[in-house]
Amino acid sequence: MTLRVTRAEGQVVLTLPMRASLTEGRAFAESRAGWLRQVRAKMPPPSIVDHGALLPVEGFGLTVTPAPVRAVRAEGGQLLVPHGRPPGVVVAAYLKHLAHSRLVPACDRHAARLGRQFRAITLRDTRSRWGSCTHDGRLMFSWRLAMAPQAVLDYVAAHEVAHLAHMDHSEEFWATTAHLVPGYRHHRNWLKQNGHDLMAWRFRD
């Protein structure tokens, strides 16, 4: 049995093996009630993307500001959004485009160094992982990586590209990741320490 709390909504998820009953699962969850309270108490409150919010974009805090612009753009410490448009919706679209524009060349570069090819890149608003790689070479990333520093995004790209050679987290896999990004541990730790904050942002009410 496993028990976890989702980073985005703070929901409790209980996973049971086939042989376990729901009654046993409830008892297991209740026995961990104290731990669950501690975990949820430490989680950051949801942050709403609205005018005046200080939103991280590529590691820098930008103030979401309405402006007479046709498209979202970063300028002088501000993230300018068109007047009359829902800020959360247009900012999410901006971040998706930004993530795609950063991840594609990063994956191309790392794959070329590794001598491997990937089939496709997909962006999603995932809640449990920053990226994944399928056995047939399809890469998936969270577009929220556009909120992290570029070096962190680049590490996640390298991490998933390394799975093209090693579909596990063996010593060989981490050696390949280190070959692609020598300082990857620093970026990995950044995500562990700050990833919850990125997941806490809400782009819709």
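This is a predicted model, so every value here is computed, not measured.
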Check whether any side-chain heavy atom of C133 lies under 4.5 Å from a side-chain heavy atom of M167, and answer yes or no.
yes
Which class fits the ring pair H169 and H163: parallel under 30°, tilted 30 to 60°, perpendicular over 60°?
perpendicular
Gap between atom CE of M140 and atom OG of S132 - 0.5 Å precision:
3.5 Å
Check for me whether the distance between the ring centres of Y155 and W190 falls short of 6.0 Å.
no
Distance, nearest 0.5 Å, that separates NE2 of H110 from OG1 of T177
10.0 Å
CG (D108) and CD (Q117) are apart, to the nearest 0.5 Å, by 10.0 Å
Please report the closest heavy-atom contact between A29 and L36, naming both atoms and the distance.
O-CD1, 4.1 Å
Could you check whether H166 and T176, counting side-chain N and O atoms only, form a donor-acceptor pair closer than 3.5 Å?
yes
V12, W35: one ILVMFWY side-chain cluster at the under-4.5 Å cut-off?
yes
For a quick test of reading the model, state the closest non-hydrogen atom pair linking C107 to L139 and the distance between them.
SG-CD1, 3.8 Å
Would a hydrophobic clustering, with Ile, Leu, Val, Met, Phe, Trp and Tyr connected at side-chain separations under 4.5 Å, put F118 with V104?
yes
Backbone of W201 reached by a side-chain donor or acceptor of R144 within 3.5 Å
yes
Taking every non-hydrogen atom, the tightest pair across L180 and A158
CD1-O, 3.7 Å
On a heavy-atom basis, the closest approach of L114 and V161 is CD2-O, 3.5 Å
Please check if V64 and L54 belong to a single hydrophobic cluster, counting links between Ile, Leu, Val, Met, Phe, Trp and Tyr side chain heavy atoms closer than 4.5 Å.
no
Atom CG in L198, atom CG in L145: separation rounded to 0.5 Å?
8.0 Å
In terms of hydrophobic clusters joined by side-chain contacts under 4.5 Å, are V49 and F60 together?
no
Spell out, as yes or no, whether a donor-acceptor pair under 3.5 Å connects the side chain of T65 to the backbone of T63.
yes
Under a 4.0 Å N-O cut-off, is there an ion pair linking R109 with D154?
yes
M147 and F203: which non-hydrogen atoms are nearest, and at how many Å?
SD-CZ, 4.3 Å
Non-neighbouring partners of S170 that pass side-chain hydrogen bond (donor to acceptor under 3.5 Å, both in side chains), sequence neighbours left out
D168, E172
Check for me whether the distance between the ring centres of F173 and H159 falls short of 6.0 Å.
yes
Please walk me through it: do E75 and V69 pass side chain to side chain contact (heavy atoms under 4.5 Å, CB included)?
CA-CA 11 Å; E75 185 177 297; V69 295; over 6 Å; no
Check against side chain to side chain contact (heavy atoms under 4.5 Å, CB included), V72 and L80:
CA-CA 5 Å; V72 178; L80 305 181; over 6 Å; no
Could you grab the distance from atom OG of S47 to atom CZ of R202, nearest 0.5 Å is fine?
9.5 Å
With S21, which residues qualify under side chain to side chain contact (heavy atoms under 4.5 Å, CB included), at least two apart?
T23, E24
Taking NE2 in H83 as the centre, count heavy atoms belonging to other residues, nucleotides or ligands within less than 6.0 Å. Is the count above 12?
yes
Check against side chain to side chain contact (heavy atoms under 4.5 Å, CB included), W143 and H100
CA-CA 8 Å; W143 53 259; H100 188 268; over 6 Å; no
Which heavy atom in I121 sits nearest to a heavy atom in L103, and how many Å separate them?
CD1-O, 4.2 Å
Under the side chain to side chain contact (heavy atoms under 4.5 Å, CB included) rule, what do L191 and V156 come out as? Steps first, then yes or no, please.
CA-CA 10 Å; L191 269 183; V156 177; 3.6 Å; yes
Rounded to the nearest 0.5 Å, the CG atom of L153 sits from the CH2 atom of W130 at a distance of 10.5 Å
